[in-house]
Protein chains: 2
Amino acid sequence: MEANMKVNKELLKGSTAVLVLTTLAKQDQYGYELIREIERQSEGVFAFKEGTLYPILHTLEAEGWVESYWQVHDGRKRKYYRITDKGKQHVKERKAEWQLFRTAVDRVIGEGGV
Amino acid sequence: MEANMKVNKELLKGSTAVLVLTTLAKQDQYGYELIREIERQSEGVFAFKEGTLYPILHTLEAEGWVESYWQVHDGRKRKYYRITDKGKQHVKERKAEWQLFRTAVDRVIGEGGV
DNA sequence: TAACGATACATAGTTATTCTAGGTATTAGT
DNA sequence: ACTAATACCTAGAATAACTATGTATCGTTA
């Protein structure tokens, strides 16, 4: 599981919120765990650094898309995040946006069944 | 054909080079024409402003992925761009990167035949 | 028991890329 | 003569992820 398989980081811009929110929609998770979970699900393509993910989580919380709560587990203090109803609505819109974007790129570059 | 169908502009980052180079790989085009052509092919999703596209073309040229030449057509001076061999190699790599990225996003958000 | 690596959270400042907002010049139509 | 469309251009703003660094705790092992 090589970390940092070289996907241009610029490609990522605008996609992180939907990646994080979708993952949180399945179950509450804490930051450090989210990094591993997203890396696992993307099969190593997305390997967020902590310095990248934590500020994103703070932004998502400021927007009201997630809520956080501290919880001790296995003798460790962890800050869990839970998606809100507003966040669920938001992720629905962003997913639709992603579909639109993906389809448009594929049309131009000529992949995806054209 | 409404310009600016709201695809988050951040999503675009990292994708413009491959969009432009792929279009140029089909035939030489000039900037103003490229904007319309990409808008047409993406069915209105990507509507670059001139202030966006021209600097991108200059960057692509500086990287050696395209070459430009002035040509008069229909009584108008136009700056045409032609993709180079180096550009063709580059766009191949970027397309592969796009496939990897797209697949990874779809895996995480749970679309695309998982 | 001291040292070290892994876990877990955090922020300041840099970098990269697109957009905004302006500008110039030419041509075609009214 | 005026206006809209064509065609090119750049400087500076805005945005978002990354780099680098810091703190603290826990488990393992020498």
Side-chain angles (χ1 to χ4, degrees), chain A residues 3-21 28-39 45-63 65-66 68-81 94 101 105, chain B residues 1 3-21 28-39 45-63 65-66 68-81 94 97 101 105:
Chain A
N4 254 24
M5 286 174 65
K6 61 155 186 330
V7 159
N8 187 330
K9 52 194 169 188
E10 293 304 326
L11 271 180
L12 214 46
K13 295 202 176 179
S15 316
T16 50
V18 76
L19 294 176
V20 172
L21 289 174
D28 296 5
Q29 284 188 313
Y30 58 98
Y32 203 81
E33 186 183 20
L34 265 169
I35 291 173
R36 279 128 202 282
E37 178 62 14
I38 293 176
E39 182 168 2
V45 176
F46 302 132
F48 291 109
K49 300 292 165 51
E50 298 170 49
T52 300
L53 186 64
Y54 290 121
I56 289 170
L57 287 169
H58 300 159
T59 303
L60 298 183
E61 187 165 25
E63 296 284 351
W65 297 327
V66 301
S68 66
Y69 55 95
W70 286 91
Q71 193 168 306
V72 178
H73 221 266
D74 301 324
R76 283 189 172 278
K77 251 181 35 179
R78 292 163 176 165
K79 193 174 182 181
Y80 282 82
Y81 288 89
R94 299 281 272 189
F101 173 74
V105 171
Chain B
M1 190 77 66
N4 255 25
M5 286 175 65
K6 61 154 187 331
V7 159
N8 187 329
K9 52 194 169 188
E10 294 305 324
L11 273 179
L12 214 46
K13 294 198 179 181
S15 317
T16 51
V18 76
L19 294 176
V20 171
L21 289 174
D28 296 6
Q29 284 188 313
Y30 58 97
Y32 203 80
E33 187 183 19
L34 265 169
I35 292 174
R36 279 129 202 281
E37 178 62 14
I38 293 177
E39 181 168 2
V45 175
F46 303 133
F48 291 109
K49 301 291 164 55
E50 297 171 49
T52 301
L53 185 64
Y54 289 121
I56 288 170
L57 287 170
H58 300 159
T59 303
L60 298 183
E61 188 167 25
E63 296 283 352
W65 297 326
V66 301
S68 64
Y69 56 95
W70 286 91
Q71 193 169 306
V72 179
H73 220 267
D74 302 324
R76 283 187 172 280
K77 252 180 36 177
R78 290 161 178 168
K79 195 175 183 181
Y80 282 82
Y81 288 88
R94 299 282 272 190
E97 189 179 75
F101 173 74
V105 171

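Computed from a predicted structure; not experimentally measured. Letters A, B, ... are given to chains in the order of the sequence lines, protein chains preceding strands, and every chain is numbered from 1.
Comparing B:Leu53 and A:Tyr54 against DNA chain C, the residue whose closest nucleotide sits nearer the 5' end is A:Tyr54. Heavy-atom nearest nucleotides on DNA chain C were determined for A:His73 and for A:Thr52, and the one closer to the 5' end corresponds to A:His73.
Going from atom NE2 of A:His58 over to atom C1' of C:dT11 covers 9 Å, rounded to whole Å. Taking atom NZ of B:Lys79 as the reference point, atom C1' of C:dT26 lies 17 Å away to the nearest angstrom. Put simply, CZ on A:Arg94 is 11 Å from C1' on D:dA16, counting in whole angstrom units. In this structure, CZ of B:Phe46 is placed 13 Å from C1' of C:dT18, rounded to the nearest angstrom. Rounded to whole angstrom, the span from the CD atom of A:Gln71 across to the C1' atom of C:dC9 amounts to 16 Å. If you take CD of A:Glu50 and P of C:dA6, they are 12 Å apart, rounded to a whole angstrom. Between the CZ atom of B:Phe48 and the C1' atom of C:dA21 there is a distance of 19 Å, rounded to whole Å. In this structure, A:Ile56 places its CD1 atom 15 Å from P of C:dC9, rounding to the nearest Å.
Residues of residues 29-37 of chain A that place a heavy atom closer than 4.0 Å to DNA chain C, in numerical order, are A:Tyr30, A:Gly31, A:Tyr32, A:Arg36.
In this structure, B:Thr59 reaches neither bases nor backbone, as no heavy-atom distance under 4.0 Å exists between it and the strands shown.
Annotation for B:Leu60 and B:Ala17: closest pair CD2-CB, 4.1 Å, computed over non-hydrogen atoms. Taking both residues in full, the closest heavy atoms of A:Phe48 and A:Ile35 are given as O-CG2, 3.3 Å, listed atom of the first, atom of the second, then distance.
The shortest distance between side-chain heavy atoms of B:Thr16 and B:Thr52 does not fall below 4.5 Å. At a threshold of 4.5 Å between non-hydrogen side-chain atoms, the residues A:Tyr69 and A:Tyr30 do not count as touching. Contact annotation: the side chain of B:Thr59 never approaches that of B:Trp65 to less than 4.5 Å [non-hydrogen atoms, C-beta and beyond]. In this structure, A:Val20 and A:Tyr81 have side chains that are not in contact, with every pair of non-hydrogen atoms separated by 4.5 Å or more. Annotation: side chain of A:Val105 is in contact with side chain of B:Phe46 (closest heavy-atom distance under 4.5 Å).
Within the structure, a side-chain polar atom (N or O) of A:Lys49 is placed less than 4.0 Å from OP1 or OP2 of D:dT19. Contact annotation: B:Thr16 does not reach the phosphate of C:dT17 (side-chain N/O to OP1 or OP2, under 4.0 Å).
A donor-acceptor pair under 3.5 Å is formed between the side chain of B:Glu61 and the backbone N or O of B:Ser68.
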Output a table of nitrogen or oxygen pairs between the protein and nucleotides 12-16 of chain C separated by less than 3.5 Å.
none

Just the atom pairs and distances: protein N or O near nucleotides 27-30 of chain C's N or O, under 3.5 Å.
residue: C:dT27; atom: OP1; partner: B:Gly75; partner atom: O; Å: 3.4
residue: C:dT27; atom: O4'; partner: B:Arg76; partner atom: NH2; Å: 3.3

Steps toward side chain to side chain contact (heavy atoms under 4.5 Å, CB included) verdict (B:Ser15, A:Phe101): CA-CA 10 Å; B:Ser15 317; A:Phe101 173 74; 3.6 Å; yes
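Salt bridge B:Arg94/B:Glu97: present, at least one basic N to carboxylate O contact under 4.0 Å.
Atom NZ in A:Lys79 sits 4.5 Å away from atom NE2 in A:His58 (nearest 0.5 Å).
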